[in-house]
Amino acid sequence: MPSVGRVEGQYDPHRVEEWVKGFWEKKHVYKLVKEKNRGGKRFNFIDGPPYPSGAVPHIGTAWNKVLKDAILRYKRMRGYDVFDRPGYDCHGLPIEVKVEQKLGIRVKREIEEKIGVEKFIEECRGLALRNVESLTHWFKELGVFMDWENPYLTLRDEYIEAGWWLIKKAADQGLLDREERVVYWCPRCSTTLAEYEIEHADLIDPSIYVKFPVRGREREYLLIWTTTPWTLPANTFIMAHPEETYVRVRVGGDTLILAKARLKNVMEEADVKDYVVLEEFPGEALAGIEYDHPLRDLVPLQEKLSRYHRVVMAPEFVTMHEGTGLVHGAPGHGREDFEVARREGIDYIASPVDDEGRFTEEAGKYAGMYVRKANDVIIEDLRAAGALFHEGSILHKYPVCWRCKTPVLMRTTKQWILRVTKLRDKLVEEAGKVEWIPGWALDRLMHMLENLQDWVLSRQRYWGSPLPVWECPEGHRVVVGSLRELEELGGERPKELHKPWIDRVVLKCPVCGRPMRRVPDVLDVWFDSAIAFYAAKGHPEKLSIEDVILDFIVEGHDQTRGWFFSLLRAGVLGFSRAPYRKVLVHGFVLDEHGREMHKSLGNYVGTDEAIEKMGRDPLRLWVLQNTVWEDPRFSWRWVEEARRDLAIAWNTFVFASTYMSLDGYDPSSHGLGEAAGSLRIEDRWMLSRINSLVKKVTENMERYHVHEAVRALRRFIVEDVSHWYIRLIRPRVWVEENTGDKLAAYAVLYHALWKWLLMASAFTPFLAEKIYQDMYRPSLRDARESIHLYEWPGVDEEYIDRELEEKMDTIRDIYEAVAAARMKAGLKLRQPVRRVVVFTSDPAVAEAAESMKDLLARLANARSIEVRPVERLEEIMEYSVEPVPRSLGPRYRKLTPLITRYIEENPEPVARDILSRGEHRLVLQGREITLTRGDVKITPRYIEGYSVVEKPWGSVAVDTRLTEEEIAEGAARDIVRRIQVMRKELGISLDDYIDTVIALPEKLAELVARHRDYIAGETRSKTIEITTAEPSGEAWDIVREWEIMGEKITIYIRKHREE
RNA sequence: GGGCCCGUAGCUCAGCCAGGUGGAGCACCCGGCUGAUAACCGGGGGGUCGGGGGUUCAAAUCCCCCCGGGCCCA
């Protein structure tokens, strides 16, 4: 006959988790879980690939994976066949940089010169794969059930090939193009830098105001401000704001043009006090004004540029926060300038700077100078030309190379782009069809789509997917969509698709027949992850649309602009659809002060450390209970708190399983059906609560409010089960015989805990598994190998009784008042009292107290509960009344003492009349006297024998008058408790018997003796002696002195041995 | 500089969408309880609901501005 097994010992996460880990491994539980739903309804999910630059995941990454795990476990429990392949984003500069550091490479060209690309690539791959392996280890440690044997890796040939397909597809639509772009450039490393390779550092730079002479005007100048004098040789135009007001100002013999809003600041900075505003006019009026470059004689390039020199309107780039309101435009050195140049139809983009940051011949006098060093020379030349209005310096944030901290330059280069701007309307439409959780994620994305830029695909690096474009000397171009096409074009399949092997593949130009070589660029890593939605599964030609469109993804809110956005672009490019249906956004884990976690700040917490210190389930519980889309603050204290709550959950199961197994409880023969006739009100309450809980947790999981689901589960086990239900059923469980009453409690507890455990298995899978194996598995016929092979519990609507749940809340409230009233009276809960009176005029409270009288009496340890309307509170009140002579004296003069005495002798009627009617009339010495509120000071108090506590809905009074019988019972319970403490100290098992002697003074002995049988029963005493003398000199296991009701008593116990 | 999010007790957060007497847990102090006890129960101190303005009979809640923090971008 199956019966409930036993959960034992204190909750030790590491002990539990190590065991469970081994169990899952040995029994191949993940595989079994997958097989269970194979072929069922699909849940098409994909893991956003983390970047394997480190070996141990950040705690925020742990959250990311655990969140996915909880959701996928839930979906599997709901019967879905879940696609759960994880992935890694393996290419890119961060890995290249680490390898460069390892190999001692300082400049990019050393890669080819010293190491060779082949070796370099091998190193990059090695580093990526090692980190992939390590990260996978930690994700498994966290209990994340994903297909760790088959992750998708962006470095694999099949993956790269899948990417080629999309580029070909884009090219076929005319969306692949090549054009000049302004990029960040590190002059020391001779390379472009992406945004994420830029840091901002405090730097001191020149801050100069330069006068550009207006063509055809005498001593009239456009005044501009710049902190990068080295960009002046490439000046092409000047930008102004059409809607701002500008002024002509006379300074000395010069006329300067600048924005009115900046005038005061500029003059103050230049320390010019004498200036006269000649004219105000709108910025619009400046449009088209031509000027000459002050350095045109020194810089040959300026000959080419002079035809562009005029003022153009650029409201989006001209601010009134700094500068002069006239902005020097050098499209070769700035993105905004570049944009304006394009808009203005300027086709010559000057960028006279080489790879190492030196001026080229075009810059004339400055040729060969390192640009930042040329600043001083340029300033002197400006001064000599009479063009320098003011020179100062500025401390500002300036972008620097994250690797060598060199200030970066902006420089023009040719880059390959995807013209996604042409797809904007479709992107907007598709983004709107997706369900975003929370909704504001869509706002973010839409904002970005409004400012949509073309996608710069190419990078001049090594470790990346190769751009599949080949060109011949005639300028003919092919885009290769697959390896098959490569071979069809006369190429030989290389060893692998990375550089340098792919660069050796030479094709034959289909137009002119000449050899074609590959454009040496690699792809932006965002392109790699963008195609994961299909590339993780294979080449798109072999996939159906249902394979490709994801049901659900979840990542951090930084990915709105990252992965969510790039997936959307790739989805629309490749399939004219958003590639996902629902997107959940999660937050960032900050340190306990709300700052970002950084290794350099010393506030970094790794997953390894968190697991080691706190355990996996506590960590999981903590991360999962945080509001999904907000940024939680990490502190060890919170994880510790989560651990403590799990300990309470664990103890709940220890309690249940201990008694059930002791009694050989078999749920299959004494289940809820059998218990139906014996259910007490608290049982019906518990059944209602657990089903309400299942409903609530399910609803929240369906809308991906994981934190609400987790909080509800946590609250339920701690408060409803541990703190309340178990407390209520405890006495029933202590009964030795298998009464229907006890079995009903078992059935309910067993059932409720099982449903809870099933739900908890999605969130704290280790704890749930261990409890299942220890307690539930032995009790079930056809038990499954693992708890993770069960379905999500259903809701038994017929058990839900909202009214009962509300009533129980009221009972808890009343009970709190009773406890407070007892405390005021110094009556411990063990001491029975005659009665408790609930005074209320709230029908709901009265109804609850009335209908749950028995339960309330048990809780309150009262012989009876009475419910009365609140007016009758008066019956247990009395009033002390003091006359107020200051009020009486002036009115009644000599009568005052008599009135005073009257009041003191008749406090009750005086108080009642004044309180109820506002006055009390009396006749003294023939004179009618009316006492009102001001004449007396009334102090109400409760009569002796009651301790009363007030609540918003009424009052609760505990009758504190104890009879001898009640005192005797209290004493007996006191003694029972002492003996229990001693039993526990003795370390004997729950079902052992003892022998007991209680030695105590005569006056107590009689009282205690009345409850001799009760004491013996509760303490499992086979023999019990109540005596006033010391017992004979037999051997006792424990002897202890106690003080009860102010008297010394001595208790002797020993383990009972059968003769 | 822009977009989005967050700001409520010492700490972490609920309450806000659908306005109606500000809550929980933790921490602290006092008292109690104890056969799941590193637990639990009762009481206490603790709040300009980030600041200011507006709408309203009524604002933590709705609207506007500002400040601080986070993410993304410039």
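All figures in this text were calculated on a predicted structure; none of them were measured in a lab. Lettering follows sequence order; numbering is per chain, from 1.
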Pairing check on B:C33: which nucleotide meets the Watson-Crick or G-U wobble criteria with it, both distances under 3.5 Å?
none
Determine the interatomic distance between C1' on B:C4 and the same-named atom on B:U12; round to the nearest Å.
24 Å
Closest approach to the side chain of A:Glu630, judged atom by atom: which nucleotide of B:C6, B:G70, B:A36 is it?
B:C6
Using the P atom on both, measure B:G25 against B:G42 and round to a whole Å.
8 Å
When all nucleic acid strands are considered with a 4.0 Å heavy-atom cut-off, which category describes A:Thr652: base, sugar-phosphate, or nothing?
base
Rounded to whole angstrom, note down the P distance from B:A36 over to B:C71.
48 Å
On RNA chain B, more 5' by nearest nucleotide between A:Arg730 and A:Thr627 is A:Thr627
Look at all strands and tell whether A:Glu450 reaches a base, only sugar-phosphate, or nothing, counting heavy atoms closer than 4.0 Å.
nothing
Check every strand shown and say whether A:Tyr659 touches a base, only sugar-phosphate, or nothing at a heavy-atom separation below 4.0 Å.
sugar-phosphate
Residue among A:Trp563, A:Trp629, A:Phe588 satisfying ring pair (Phe, Tyr, Trp, His ring centres under 6.0 Å) with A:His557:
A:Phe588
Contact nearer the 5' end of RNA chain B, comparing A:Tyr815 with A:Asp631
A:Tyr815
In whole angstrom, give me the gap between the P atoms of B:A38 and B:G47.
35 Å
Say you pick atom P in B:C13 and the same atom in B:G20; how far apart are they, in whole Å?
24 Å
The salt bridge (Lys or Arg N to Asp or Glu O under 4.0 Å) partner of A:Asp720 among A:Arg812, A:Arg715, A:Arg727, A:Arg714 is A:Arg812
Taking only the side-chain nitrogens and oxygens of A:Gln10, find out if one of them lies under 4.0 Å from OP1 or OP2 of B:A36.
no
Would you say A:Asn626 and A:Trp638 are linked by a side-chain donor-acceptor pair, where the criterion is simply a distance under 3.5 Å?
no
State the pairing partner of B:G23; accept Watson-Crick or G-U wobble contacts with both distances under 3.5 Å, and report none otherwise.
B:C13
With a 3.5 Å cut-off and just heavy-atom distances, do the side chain of A:Arg444 and the base of B:C71 make a donor-acceptor pair?
yes
B:C73 phosphate, OP1 or OP2, under 4.0 Å from A:His447 side-chain N/O
no
May I ask which nucleotide in the shown strands pairs with B:C71, Watson-Crick or G-U wobble, both distances under 3.5 Å?
B:G3
Kindly point out which of B:C4, B:C71, B:A36 is positioned nearest to the side chain of A:Trp440?
B:C4
Find the distance A:Glu336:CD to B:G2:C1' and express it as a whole number of Å.
13 Å
Return the nearest nucleotide to the side chain of A:Ala820; candidates are B:G43, B:A36, B:C71.
B:G43
To the nearest Å, give me how far apart CG (A:Asp558) and P (B:G70) are.
15 Å
Picking from B:C13, B:C71, B:A36, which would you name as closest to the side chain of A:Arg633?
B:C13
Can you tell me the distance, in whole Å, between the CH2 atom of A:Trp455 and the P atom of B:C73?
14 Å
Hits for ring pair (Phe, Tyr, Trp, His ring centres under 6.0 Å) against A:Tyr11, two or more places apart or cross-chain, chain-then-number order -> A:Trp650
May I ask you to test the A:Glu719-A:Trp724 pair for a side-chain heavy-atom distance under 4.5 Å?
no
Quick one, A:Phe317 and A:Glu339 - any side-chain contact, counting heavy atoms below 4.5 Å?
yes
With a 3.5 Å cut-off and just heavy-atom distances, do the side chain of A:Ser722 and the base of B:A36 make a donor-acceptor pair?
yes
Pair A:Arg711-A:Asn700, side-chain donor/acceptor within less than 3.5 Å
no
Any N/O pairs under 3.5 Å between the protein and nucleotides 24-28 of chain B? List them or say none.
unit_1 : atom_1 : unit_2   : atom_2 : d
B:C26  : O4'    : A:Glu641 : OE2    : 3.4
B:C26  : O3'    : A:Arg644 : NH2    : 3.4
B:C26  : O2'    : A:Glu641 : OE2    : 3.4

Could you check how far CG of A:Asp813 sits from C1' of B:G23, rounded to whole Å?
14 Å
Whole-Å distance, A:Ile729 CD1 to B:C40 P, equals 18 Å
With rounding to whole Å, what would you report as the distance between B:C63 and B:A59 at their P atoms?
16 Å
Is there a Watson-Crick or G-U wobble partner for B:C28 with both distances under 3.5 Å, and which nucleotide is it?
B:G44
By the definition side-chain contact (heavy atoms from CB on, under 4.5 Å), identify the one residue from A:His447, A:Glu555, A:Arg444 that meets it with A:Thr560.
A:Arg444
Can you check the distance between B:A18 and B:G54, where both ends of the measurement are the P atom (answer in whole Å)?
24 Å
Looking for any heavy atom pair under 4.0 Å, which part of the strands does A:Trp734 touch: base, sugar-phosphate only, or nothing?
sugar-phosphate
Please state how far atom CG in A:Asn626 lies from atom C1' in B:G70, giving the value in whole angstrom units.
14 Å
From CG of A:Asp337 across to P of B:A74 the rounded distance in Å is 15 Å
Nearest-angstrom distance from the residue atom CG of A:Leu452 to P of B:A74
13 Å
Could you tell me whether the side chains of A:His333 and A:Thr228 share a donor-acceptor contact shorter than 3.5 Å?
no
For nucleotides B:C6 and B:C49, find the distance between their C1' atoms and express it as a whole number of Å.
14 Å
Across all strands shown, which nucleotide pairs with B:U55 by Watson-Crick or G-U wobble geometry, both distances under 3.5 Å?
none
For atom CZ of A:Arg703, is the number of surrounding heavy atoms from other residues, nucleotides or ligands below 6.0 Å larger than 12?
yes
